[in-house]
Amino acid sequence: MTAKIAYDEVEVGTELPAQTFPVTRATLVQYAGASGDFNPIHWNERFAVEVGLPDVIAHGMFTMAEAIRVVTDWAGDPAAVVEYGVRFTKPVVVPDDGVGAVIEVSAKVAAKLDDGRVRVDLTATSAGQKVLGMSRAVVRLA
C-alpha cells in the first residue's frame with residue numbers, strides 16, 4: 001500500500017478529519033494484554049490513587065497510538081508515517097463509570113518538506129485538557 005493523498009494536492013494548513021476515540025477500563029485491560037504493560041495504574045483505581053493519580057489512567061503508548069490514527073486514516077496507509085513523536089503532557093483519566101473517557105484528536109499539515117513528505121501537527125485532548133504536546137508526524141505522500 002502507499003498513501004492515497006497526493007503531495008501536490010496538499011497545502012500547508014490542510015486540516016485532517018478530526019476523530020474521537022472512546023476509552024473504557026475494558027479497553028485498557030485489552031491493551032495491557034496486547035502490550036504486556038500490566039502496570040496497576042492502568043487498571044487498579046486504589047493503586048492509582050495511592051501513587052497520587054486522580055484515577056486509573058490510559059497507557060501513554062495507547063494514547064499515542066489512538067492519536068496517530070487520524071493521520072493514518074487520512075493518508076490511507078500506516079506505512080506512510082515515517083516519523084512520529086509526542087510529549088506526554090497530561091494523563092487520560094479513565095473513570096469506572098460505564099462511560100470512561102474520550103480522546104479527541106485534530107491535525108493539520110504544518111509544513112511541506114522535500115521528497116513528497118509533509119509534517120502533520122496533532123492536537124489530542126481529553127476532558128478539555130491537552131494530553132499530548134509536540135505531537136508531530138512526518139508522512140510520505142503519493
Side-chain angles (χ1 to χ4, degrees), residues 1-45 47-49 51-142:
M1 267 175 87
T2 59
K4 296 179 181 176
I5 305 293
Y7 177 82
D8 292 336
E9 295 174 7
V10 174
E11 300 296 329
V12 170
T14 298
E15 293 187 16
L16 284 59
Q19 294 187 48
T20 59
F21 304 100
V23 186
T24 65
R25 295 279 178 94
T27 309
L28 299 182
V29 170
Q30 291 168 335
Y31 182 81
S35 69
D37 181 352
F38 292 100
N39 186 324
I41 64 173
H42 302 304
W43 57 270
N44 183 318
E45 183 175 345
F47 184 86
V49 171
V51 298
L53 295 167
D55 205 331
V56 164
I57 63 170
H59 302 73
M61 298 306 285
F62 171 82
T63 303
M64 190 177 175
E66 290 291 78
I68 197 64
R69 289 174 57 190
V70 168
V71 177
T72 59
D73 288 354
W74 171 73
D77 178 10
V81 176
V82 295
E83 292 178 35
Y84 179 43
V86 306
R87 188 183 69 200
F88 300 105
T89 57
K90 297 277 184 187
V92 175
V93 178
V94 184
D96 188 18
D97 60 3
V99 177
V102 174
I103 301 169
E104 299 171 319
V105 183
S106 61
K108 68 178 177 179
V109 175
K112 290 186 85 167
L113 309 172
D114 60 353
D115 198 26
R117 299 172 306 135
V118 297
R119 190 187 87 217
V120 177
D121 291 352
L122 297 91
T123 301
T125 61
S126 183
Q129 295 193 44
K130 194 172 184 178
V131 295
L132 298 177
M134 299 295 293
S135 184
R136 296 180 173 167
V138 175
V139 184
R140 186 176 318 281
L141 300 178

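For clarity, every value in this text was computed on a predicted model and none was experimentally measured.
Side chain of S126 to backbone of V102: a donor-acceptor contact under 3.5 angstrom is found. The backbone N or O of T27 lies less than 3.5 Å from a partner atom in the side chain of T24, making a donor-acceptor pair. Judged by distance alone, the side chain of Y7 and the main-chain N or O of L113 form a donor-acceptor pair under 3.5 Å. Using modelled atom types, one side-chain atom of W43 and one backbone atom of F38 make a donor-acceptor pair closer than 3.5 Å.
Closest approach of G85 and M64 over heavy atoms only: CA-CE, 4.2 Å. Closest non-hydrogen pair, A111 versus V12, comes out as CA-CG2, 4.0 Å. Scanning all heavy atoms of the two residues, the minimum distance from V86 to S135 falls at CG1-OG, 3.3 Å. For the residue pair V49 and P54, the shortest heavy atom distance occurs at CG2-O, 4.0 Å. The shortest heavy-atom contact between D73 and Q19 is OD2-NE2, 3.0 Å. Of all non-hydrogen atoms in D8 and E11, the two that sit nearest each other are O-OE2, 4.4 Å.
Here CZ of R136 is found 11.0 Å from CD of E83. Values are rounded to the nearest 0.5 Å. Atoms NZ and OG1, on K108 and T123 in that order, are 8.0 Å from each other to the nearest 0.5 Å. One distance of note links OG1 of T89 with NZ of K130; it measures 7.0 Å at 0.5 Å rounding. Atom CD1 of I57 and atom CG of N39 lie 8.0 Å apart (nearest 0.5 Å). Separation of atoms CG (D115) and CZ (R140) is listed at 4.5 Å; rounding is to 0.5 Å. The CG atom of D77 sits 8.5 Å away from atom NZ of K4, with the distance rounded to the nearest 0.5 Å.
When side chains are defined from C-beta on, L141 counts as touching V139, because their heavy atoms get closer than 4.5 Å. Side-chain atoms of F21 and V92, non-hydrogen and from C-beta on, never get closer than 4.5 Å to each other. Using a 4.5 Å heavy-atom cutoff, the side chains of L132 and F88 are in contact. Two residues are said to be in side-chain contact when any heavy atoms from C-beta on lie closer than 4.5 Å; V56 and D96 fail this criterion. Inter-residue side-chain proximity for L16 and V109 is flagged as met; some heavy-atom pair is nearer than 4.5 Å.
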From CA spacing to verdict: side-chain contact (heavy atoms from CB on, under 4.5 Å), T72, Y84: CA-CA 11 Å; T72 59; Y84 179 43; over 6 Å; no

Could you walk me through whether D37 and M61 pass side-chain contact (heavy atoms from CB on, under 4.5 Å), step by step? CA-CA 10 Å; D37 181 352; M61 298 306 285; over 6 Å; no

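The environment of NZ in K112 is crowded: more than 12 heavy-atom neighbours from other residues, nucleotides or ligands sit within 6.0 Å.
Using cut-offs of 30° and 60° on the angle between ring planes, the pair Y31 and F62 is perpendicular.
A salt bridge is defined here as a Lys NZ or Arg NE, NH1 or NH2 lying under 4.0 Å from an Asp or Glu carboxylate O, and D55 with R25 meets this definition.
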